[in-house]
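Here is the structure we will look at.
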Amino acid sequence: MPAQRTPYLLIAPSVLFLLVLFIWPLAETALMAFRTPEQVWTGAYVAKMFGDLNFKVALRNTLILVLAVVPLQMVLALGMAMMLQKMQRGRMGFLYVWTIPLGVSDLAAGLAWLAIFTDRGYFNTVLSGVGLVSGPVSWLSYQNPAVLFACVIVAELWRATAIVLVILLAGVQLIPKEYDEAAEVFGAGPWTRFVKITLPLLRPSLQSALILRTVLAFEVFAVVYALAGRDLPILVGEAYNWQGAYQNTHVAAAYALFILLLSIGATLFYLKALKVNRETLS
């Protein structure tokens, strides 16, 4: 009997952790989104969220940000991982430098890029020094939404590509070299080996990286807030405004639940689109 209880005892701390720090707060958030302080069930808060002036704009900006950032991060991280895999010397040095953003908080990264893109920032100084601009350019102005969005994308690429790199590099290192060597013997070129061997065997890592980065991209806030403030509405920013500025916890909770549903939908899509067979994991 004690031996049969051992697995349950081992997972008990994790289950307790999830119950206390995830399931319980999630349940409380759901109650706040659908129940008034008088304990009356209502959909008024969700309706107020959908009727919010900035809701459609925030949803559009968030989706565009996810669709722009996640694919770019996957391509960059995959290229960097393959480069590191082929390097014979200096691999750890490059990996250390490329993963420095992992130790930088979201807000600190946003402030660092604010110092670069602001009117008197380093970017304008460099452009002015080489004669490309005659004076300060307002890269973060609300009057240039496309440029503002591009600055946010660049900052987010720098901040969060490292975590994708770590996941994909670990996956690449788990692929047996014999497969690649055998394909090379039979005349397969580098691109063919990459498409036919590396990518299929890397599917579990690609799935994990896509799920993690997409979920975190839906939750991006500090970088956008530091660079654009309220000039670039996003879903998490609107939840923050309803909680902080308007002191309406119920609508903020509705925004949180909506973001959670988007994350769950994206996760289910990746699980279906990049279905991993048991043979791939073994």
Side-chain angles (χ1 to χ4, degrees), residues 14 17-18 21-22 61-87 90-114 116 149-175 194 198-228 232 234-237 256 259-260 262-271 273-274 276 280-281:
S14 299
F17 175 85
L18 289 175
L21 297 180
F22 181 73
N61 290 340
T62 302
L63 292 177
I64 293 175
L65 188 64
V66 171
L67 293 175
V69 168
V70 174
L72 287 174
Q73 287 180 330
M74 296 299 297
V75 171
L76 285 174
L78 187 57
M80 294 159 69
M82 297 304 300
M83 185 186 304
L84 288 173
Q85 184 70 2
K86 298 296 182 181
M87 291 179 63
R91 178 188 303 178
M92 295 308 299
F94 278 95
L95 180 60
Y96 174 79
V97 173
W98 286 345
T99 54
I100 286 177
L102 286 177
V104 181
S105 69
D106 297 3
L107 182 58
L111 293 176
W113 283 94
L114 177 64
I116 294 174
F149 212 102
C151 292
V152 171
I153 290 175
V154 170
E156 190 65 11
L157 286 176
W158 177 86
R159 185 193 68 82
T161 302
I163 185 61
V164 183
L165 170 63
V166 171
I167 296 173
L168 296 186
L169 181 61
V172 169
Q173 291 179 340
L174 290 176
I175 299 176
F194 174 75
T198 302
L199 283 182
L201 294 176
L202 199 59
R203 182 176 292 184
S205 298
L206 288 171
Q207 185 188 76
S208 301
L210 279 169
I211 291 174
L212 177 63
R213 272 309 302 143
T214 303
V215 170
L216 294 179
F218 277 123
E219 300 172 0
V220 67
F221 171 65
V223 171
V224 177
Y225 202 76
L227 290 176
L232 187 65
I234 54 174
L235 291 175
V236 177
I259 295 168
L260 175 63
L262 289 177
S263 300
I264 292 175
T267 300
L268 294 176
F269 171 78
Y270 289 134
L271 291 175
L274 297 174
V276 178
T280 307
L281 297 174

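If you're wondering where the values come from, they're calculated on a predicted model, not measured in any experiment. The chain is numbered in sequence order, starting from 1.
- If you take CZ on F194 and CE on M82, they are separated by 6.0 Å, rounding to the nearest 0.5 Å.
- Nearest approach of V66 to A217, heavy atoms of both residues: CG2-CB, 3.7 Å.
- No side-chain heavy atom of L232 sits less than 4.5 Å from a side-chain heavy atom of L65.
- Looking at heavy atoms from C-beta onward, C151 lies out of side-chain contact with W113 at the 4.5 angstrom threshold.
- To the nearest 0.5 angstrom, I163 atom CD1 is 8.5 Å from L216 atom CG.
- With R91 contributing its side chain and L84 its backbone, the two residues share a donor-acceptor pair below 3.5 Å.
- When all heavy atoms are compared, the tightest approach of Q73 to A160 is NE2-CB, 3.3 Å.
- Contact detail for A226 and L111: the closest heavy-atom pair is CB-N, 4.0 Å.
- Side-chain contact between V220 and T62 is absent, with no heavy-atom pair separated by less than 4.5 Å.
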Working for side chain to side chain contact (heavy atoms under 4.5 Å, CB included), residues L78 and V164: CA-CA 8 Å; L78 187 57; V164 183; over 6 Å; no
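- A pairwise comparison of heavy atoms in T267 and V215 identifies OG1-CG2, 3.9 Å as the closest pair.
- The shortest distance between side-chain heavy atoms of N61 and F149 falls below 4.5 Å.
- Shown are L206, T161, V69; of these, the side-chain contact (heavy atoms from CB on, under 4.5 Å) with M74 is made only by L206.
- Of all non-hydrogen atoms in A162 and W98, the two that sit nearest each other are CB-O, 3.5 Å.
- Here the closest heavy-atom approach between residue L210 and residue L274 is recorded as CD1-CD1, 3.4 Å.
- Interatomic distance, Q85 CD to L169 CG, rounded to the nearest 0.5 Å: 7.0 Å.
- Distance CZ/F218 to CG/L262: 5.0 Å, rounded to 0.5 Å.
- Going from atom CD of E219 over to atom CG of D106 covers 10.5 Å, rounded to the nearest 0.5 Å.
- For the pair L227 and V223, the minimum side-chain heavy-atom distance is below 4.5 Å.
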Residue pair F269, I264: steps toward the side chain to side chain contact (heavy atoms under 4.5 Å, CB included) verdict: CA-CA 9 Å; F269 171 78; I264 292 175; over 6 Å; no
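- Considering OG of S208 and CZ of R213, their distance stands at 14.0 Å, rounded to 0.5 Å.
- Remark: side-chain polar atoms of T99 are not paired, donor with acceptor, to backbone N or O of L102 under 3.5 angstrom.
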